[in-house]
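Heads up: the structure comes next, in structure tokens.
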Number of protein chains: 2
Amino acid sequence: MPGSTDRKKNRLTAEERRAAIVEAAVRLFAEKGFRGTTTRELAAAVGVSEPVLYQHFATKGDLYTAIIEAICRHRDRDRDGLLELARHAEDDEAFFSRLAELILEWYDEQPEVVRLLLFSALEEHDLKDRFVETQVAMLYEILTEYLERRMDKGVFRRMDPYLAARAFTGMVSHQGMAKVVFGIDDLRGSRQEIARKIADIFVNGIRSHGAQGA
Amino acid sequence: MPGSTDRKKNRLTAEERRAAIVEAAVRLFAEKGFRGTTTRELAAAVGVSEPVLYQHFATKGDLYTAIIEAICRHRDRDRDGLLELARHAEDDEAFFSRLAELILEWYDEQPEVVRLLLFSALEEHDLKDRFVETQVAMLYEILTEYLERRMDKGVFRRMDPYLAARAFTGMVSHQGMAKVVFGIDDLRGSRQEIARKIADIFVNGIRSHGAQGA
DNA sequence: TTGCTAACCTAGTGACCGCTAGGTTAGTGA
DNA sequence: TCACTAACCTAGCGGTCACTAGGTTAGCAA
């Protein structure tokens, strides 16, 4: 049986090699974009020759598609946790603070996915649409649902829930984008503290004037 | 004297041709990025042959630098108007609403500059640093100054002015980014109305709880 | 009308791109 | 030990890239 857990081999099984290629491709495409990455340097990063890439992926574009699939599959697992959080949330500050923290965490821990997504949007690849249709749509669904529920209770002021949702995600992800894309990281405090402060501004901004303060 | 206002000529003066090249380059680089744009299609877009490009710019990179200069010079003219706005502002809602409107206007009217900036940041070109050091720094200077002034007066709550400034610009520019980069434009209402609603959320979010409501 | 020159073009250059034909070898099962 | 095969490599294909040497011509001055 080829390719068990043996570490002495310098030949991998097809499955292992494929995974290694995808991993290196995510790193390189995130760093230099699709057009900016050559199959030569990709092969060098994996530690094999170019034809090995083409045994697993017919074209460079197919490799890009495979990466998209891998990322989307990985991110779909976050879905359930987020829905759970929204359903059982009772304290507004705590809910938005936790949500902000999760988003900031994403920027911190997966900057290569953020860059990949931006490259994809600018270069008009498919990841953009896949991402918007699944991840973004889910986040907005959760947010607008929560906001409308609290508006109905009179805790939040009546307003366009989509605008409010975008305002919130904007406050948070702009912070993440500044760090990942522009290298600006000048805010004091931990990720949790920053998330809490942003949530505080937002919740106070949409709360009915009669309701209790922070 | 060559190259006056005559429209029948199909030969331009060096100055006119140079300007035409820069104009076409801004459009193409914004659409497809630096790496994604070839000198062939650039020449075709201008309506000349490739060597003409190289009579004005020694390399493709030099042309990119020239574009950066042109954009930065153009945007520096907005500086005075913004400073004026901040100094004489009395009504908080009006100030932040106007500021939001100006930022949204920028995304609407110069989407190619936005894309150029993002490409530049991802591809690690110079426009990123030039932009951050001038435009972004100026905007944050104006915002933090205004915020600290209002905090001193007790109208706004005490908080990190940089975090508040980033939260505000985030709310606004995330909306612009969604439209320009991801093609999402689902909010109802005019640009002015959206700006007003965003400013409303922000000002209520940072105002002292004893102060007057909207 | 003609001569001059700045603006332009044709026709390439070497380098590197994505991709492939065909040969080599490491690791396994018998 | 040896044969088999899946995993690998060397060498190079046609095409396109950024860039250029050297010739052509439009448009102005006289």
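Every chain is numbered from 1, with letters handed out A, B, ... down the list of sequences.
- Residue pairs satisfying the salt bridge (charged side-chain N to carboxylate O under 4.0 Å, His left out) criterion with at least one member in residues 43-65 of chain A, sequence neighbours excluded, are listed as follows: A:R40-A:E50.
- Annotation: ring pair (Phe, Tyr, Trp, His ring centres under 6.0 Å) contacts of A:H174 (sequence neighbours excluded): none.
- Among residue pairs with one or both ends in residues 132-145 of chain A, those qualifying as salt bridge (charged side-chain N to carboxylate O under 4.0 Å, His left out) are A:R87-A:E145; sequence neighbours excluded.
- For C:dT20, neither phosphate oxygen OP1 nor OP2 lies less than 4.0 angstrom from any side-chain nitrogen or oxygen of A:Y54.
- Distances shown here put every side-chain N or O of A:N10 at or beyond 4.0 Å from the OP1 or OP2 atom of D:dC8.
- Sorted by first then second residue, the ring pair (Phe, Tyr, Trp, His ring centres under 6.0 Å) pairs that include residues 179-202 of chain B, not counting sequence neighbours, are B:F96-B:F202, B:F168-B:F202.
- A:R18 pairs by the side-chain hydrogen bond (donor to acceptor under 3.5 Å, both in side chains) definition with nothing, not counting sequence neighbours.
- For the segment residues 42-52 of chain A, residues with any heavy atom less than 4.0 angstrom from an atom of DNA chain C are, sorted by number, A:E50, A:P51.
- For the pair A:Q55 and A:R35, both in contact range of DNA chain C, the more 5′-proximal nearest nucleotide belongs to A:R35.
- With sequence neighbours excluded, the residues forming a side-chain hydrogen bond (donor to acceptor under 3.5 Å, both in side chains) with A:Y146 are A:D92, listed by chain and number.
- Among residue pairs with one or both ends in residues 189-198 of chain A, those qualifying as side chain to side chain donor-acceptor pair (under 3.5 Å) are A:D108-A:R191; sequence neighbours excluded.
- DNA chain D lies under 4.0 Å from no heavy atom of any residue of residues 18-26 of chain A.
- Using a 4.0 Å heavy-atom cutoff across all strands shown, B:R17 reaches sugar-phosphate atoms only and no base atom.
- A:F29 and A:F119 have their aromatic ring centers separated by at least 6.0 angstrom.
- Here the side chain of B:L12 is nearest to one of C:dA26, C:dC8, D:dA26, namely C:dC8.
- Side-chain N/O atoms of B:R40 and base N/O atoms of D:dT16 include no donor-acceptor pair closer than 3.5 Å.
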